[in-house]
Structures are given as structure tokens and as C-alpha cells.
Undergrad: 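Sharing a structure with you now.
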Amino acid sequence: MTQIPLPDSWARHLGGEFTAPYMQALRDFLAREKAARKVIYPHSANWFRAFALTPLDRVKVVVLGQDPYHGPGQAHGLCFSVRPGVPVPPSLQNIYKELATDVGTTPVNHGFLESWAEQGVLLLNSVLTVERGNAGAHRNQGWETFTDRAIQVVNEQCDGVVFLLWGSYAQKKAAFVDRDRHLVLHAPHPSPLSAHRGFFGQRHFSRANAFLAERGSSPIDWQLPAEVGA
């Protein structure tokens, strides 16, 4: 993290974070973890993948997650998304069920969500790294400060963004978003533990597209490609 690993649209507003004391402390923590031969997911090339695929000036929708997946081959820098060939996680299976009911998408047998990111859906985890097999191991090391600032930048610099906040963690993290400028939709988390308490039936995807269309912005094509390359 010696250079700013962000596209220019983000770097203009977040570049200063990389010289902040909390970021140096985070850098030191990650270096110690690597020196201890701990495996960190995702690969460092993908830590800022969400920002690379969704430049600030193209953000239309924000989905917030918490931690990257901690199993081998899963995490690649986008919340809820997994690499091609990896089984679709339970929470994403429930997202697919709601999508099919809401907007009539055809189910796919992968969990690779980059086509959403390329259309302007910022799939942002609160914490951008994790130790293999140890969920939450990198919480409270500085990533949350960085991603809080990223949400603030979207709130301040963009207009008419849809925030899909699933679960109490995401709702607290983005509690400050200006509802006069943006559409903020709440629901329980899509995990099997909570999806039946109100995630299903909220129709967040069609509501997001209706809001975008009202503002003259092109809607998101939520239909994922049937096949993706590994």
C-alpha cells in the first residue's frame, strides 16, 4: 500500500487516507500477519477490487457487507461475490431467490458478481481482508475507518445513489447517509438465519431500478451471465 491503489475518481477523495496514522497501523498489522505466515484473503491484488470495478463517478447502488469470505478461493474483493467455480454461499442463494421473485431473473450456478460492479453497483465490505479460516480476524485494525470514509465520499460527491443495507451492521455503518439525496432501503440480512424475517419480499432490486429510472439514470441489469470464465 505504498502507492494509492485506487482509480483516479476515488483517489482524489481517498488518497489522503493512505498516509493517515490508522492506515500505517493497518499496514504494520498486515505485515506482521504475513511475517507470521498467516494466509490472508483475498490476494492483495484484489483488496481494492470493488473500487477498481466501480469508479466513484459511476456509483449507482451501494451494497455493504462485513468481512471477506475466509475459505480458499472464495474472496476476490466484492462483498457477497465468489470466484467462478466456487459454490454459491447461502446468503447469495437467498439474494438470487429474491431477485427471481422481484425482477424475474433466471438462476445461475455461480456467484461471480462482477457484472453488477461494472454497471455501478459498489459491492463494498467493511473490512477488506481476513485470515484464512478465521472469520473476523482483521476487524478493528483500521479497515472500517477507511470504508466509512468511502461511504462518506459517495454520500457527499454523488447524487441519487441507492443504498441497500441488509442487516443491522450495514444499517449502522451507513446511518449518516443523506436520505434527501439518496434512496436508503433497509432489510434483514439475507443469511439463512435472518432472511425469512423480512429480507424476502422487500423488492429492493426493482425499487432501486425504479428510483434510478425516475432520475434519468439507466437501471441495473440484475441478470447475471449464465457462464463466466474462471
Side-chain angles (χ1 to χ4, degrees), residues 1-20 23 26-27 42-68 75-84 92 95 111-129 142-166 170 173-174 176-179 181-185 204-205 208-225 228-229:
M1 289 190 289
T2 53
Q3 294 182 330
I4 299 173
L6 300 174
D8 288 345
S9 62
W10 285 107
R12 283 194 292 273
H13 302 281
L14 292 175
E17 303 299 304
F18 289 88
T19 57
M23 187 63 80
L26 172 60
R27 191 179 293 114
H43 187 279
S44 58
N46 287 322
W47 290 354
F48 300 95
R49 183 71 172 161
F51 299 95
L53 288 176
T54 313
L56 178 62
D57 53 359
R58 294 186 57 202
V59 174
K60 296 179 179 179
V61 177
V62 175
V63 178
L64 296 180
Q66 192 162 0
D67 299 287
H76 65 107
L78 305 181
C79 72
F80 292 104
S81 181
V82 291
R83 291 182 178 279
L92 185 53
I95 291 171
F112 194 60
L113 305 182
E114 285 201 355
S115 70
W116 292 355
E118 290 167 348
Q119 295 179 71
V121 182
L122 181 65
L123 296 165
L124 182 64
N125 275 317
S126 175
V127 179
L128 301 188
T129 58
W143 280 128
E144 293 94 338
T145 302
F146 179 79
T147 53
D148 281 352
R149 179 61 187 140
I151 297 167
Q152 290 171 354
V153 168
V154 174
N155 181 55
E156 295 164 1
Q157 300 298 322
C158 303
D159 282 309
V161 172
V162 182
F163 287 80
L164 303 183
L165 305 182
W166 300 331
K173 188 172 179 68
F176 61 84
V177 170
D178 184 351
R179 285 158 171 76
R181 296 175 61 191
H182 308 290
L183 176 64
V184 180
L185 299 177
H204 278 186
F205 305 99
N209 276 351
F211 178 80
L212 293 172
E214 287 170 4
R215 300 180 66 92
S217 184
S218 57
I220 304 298
D221 180 1
W222 296 108
Q223 177 64 59
L224 292 164
V228 293

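Excluded from the calculations below are hydrogen atoms, water molecules and symmetry mates; all remaining heavy atoms, backbone and side chain alike, are included.
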Undergrad: Can you measure from CG (L128) to CG (N46) and round to the nearest 0.5 angstrom?
TA: 11.0 Å
Undergrad: Hey, mind stepping through T147 and N125 against side-chain contact (heavy atoms from CB on, under 4.5 Å) and telling me if it holds?
TA: CA-CA 8 Å; T147 53; N125 275 317; over 6 Å; no
Undergrad: List in chain and number order the residues that pass side chain to side chain contact (heavy atoms under 4.5 Å, CB included) with D148, two or more places apart in sequence or in another chain; answer none if no residue qualifies.
TA: K173
Undergrad: Taking distance alone, no hydrogens or angles, what donor-acceptor pairs closer than 3.5 Å link side-chain atoms of residues 4-15 to residues at least two apart or in another chain?
TA:
unit_1	atom_1	unit_2	atom_2	d
S9	OG	L56	N	3.0
W10	NE1	T54	O	2.9

Undergrad: Determine whether W143 and T129 make a side-chain contact, defined as any pair of heavy atoms from C-beta on separated by less than 4.5 Å.
TA: yes
Undergrad: Give the table of side-chain donor-acceptor pairs shorter than 3.5 Å for residues 149-157, with sequence neighbours excluded, one pair per line with atom names and distance.
TA:
unit_1	atom_1	unit_2	atom_2	d
R149	NH1	Q152	OE1	3.3
N155	OD1	D178	N	2.9

Undergrad: Does E17 use its side chain to pair, donor to acceptor, with the backbone of M23 at less than 3.5 Å?
TA: no
Undergrad: At their closest point, which heavy atom of A75 faces which heavy atom of R83, and how far apart are they?
TA: O-NE, 3.9 Å
Undergrad: Among residues two or more places apart or on two chains, list those pairs meeting salt bridge (Lys or Arg N to Asp or Glu O under 4.0 Å) that have a residue in residues 42-63.
TA: R49-E114
Undergrad: Ignoring hydrogens, what is the shortest heavy-atom contact between A52 and P55? Give both atom names and the distance.
TA: O-CD, 4.2 Å
Undergrad: F146: what forms a ring-ring contact (aromatic ring centres under 6.0 Å, His included) with it, not counting sequence neighbours?
TA: F18, F48, F51
Undergrad: Between atom CG of L53 and atom NE2 of H76, what is the distance when rounded to the nearest 0.5 Å?
TA: 8.5 Å
Undergrad: About how many Å separate CG of L164 and CD1 of I95, when rounded to the nearest 0.5 Å?
TA: 9.5 Å
Undergrad: Holding to side-chain hydrogen bond (donor to acceptor under 3.5 Å, both in side chains), I want the full list of residues that pass it with Q66, two or more places apart in sequence or in another chain.
TA: none
Undergrad: Under the rule for side chain to side chain contact (heavy atoms under 4.5 Å, CB included), what residues qualify as partners of S44, not counting sequence neighbours?
TA: K34, W47
Undergrad: Between L92 and G111, what is the shortest heavy-atom contact and its length?
TA: CD2-CA, 3.5 Å
Undergrad: The test is side-chain contact (heavy atoms from CB on, under 4.5 Å); show your working for L113 and V121 and say whether it passes.
TA: CA-CA 9 Å; L113 305 182; V121 182; over 6 Å; no
Undergrad: State which residues pass ring-ring contact (aromatic ring centres under 6.0 Å, His included) with W222; sequence neighbours excluded, sorted by chain then number.
TA: W116, F205
Undergrad: Looking only at heavy atoms, which two atoms of V162 and A208 are closest? And how far apart?
TA: CG1-CB, 3.8 Å
Undergrad: Please identify each residue that fulfils side chain to side chain contact (heavy atoms under 4.5 Å, CB included) with P219, with sequence neighbours left out.
TA: N209
Undergrad: Using the side chain to side chain contact (heavy atoms under 4.5 Å, CB included) criterion, which residues pair with D67? Sequence neighbours excluded.
TA: V127, R139
Undergrad: Which heavy atom of G77 sits nearest to which heavy atom of P42, and what is that distance?
TA: N-CG, 4.0 Å
Undergrad: Report the distance from atom CZ of F211 to atom NE2 of H204, rounding to the nearest 0.5 Å.
TA: 13.5 Å
Undergrad: What I'd like to find out is whether the side chain of V63 reaches to under 4.5 Å of the side chain of W166, using heavy atoms alone.
TA: yes
Undergrad: I'd like to check D159 versus R215 (side-chain heavy atoms, cut-off strictly below 4.5 Å). Are they in contact?
TA: yes
Undergrad: Find the distance between CG (L183) and CZ (F163) and round it off to the nearest 0.5 Å.
TA: 10.0 Å
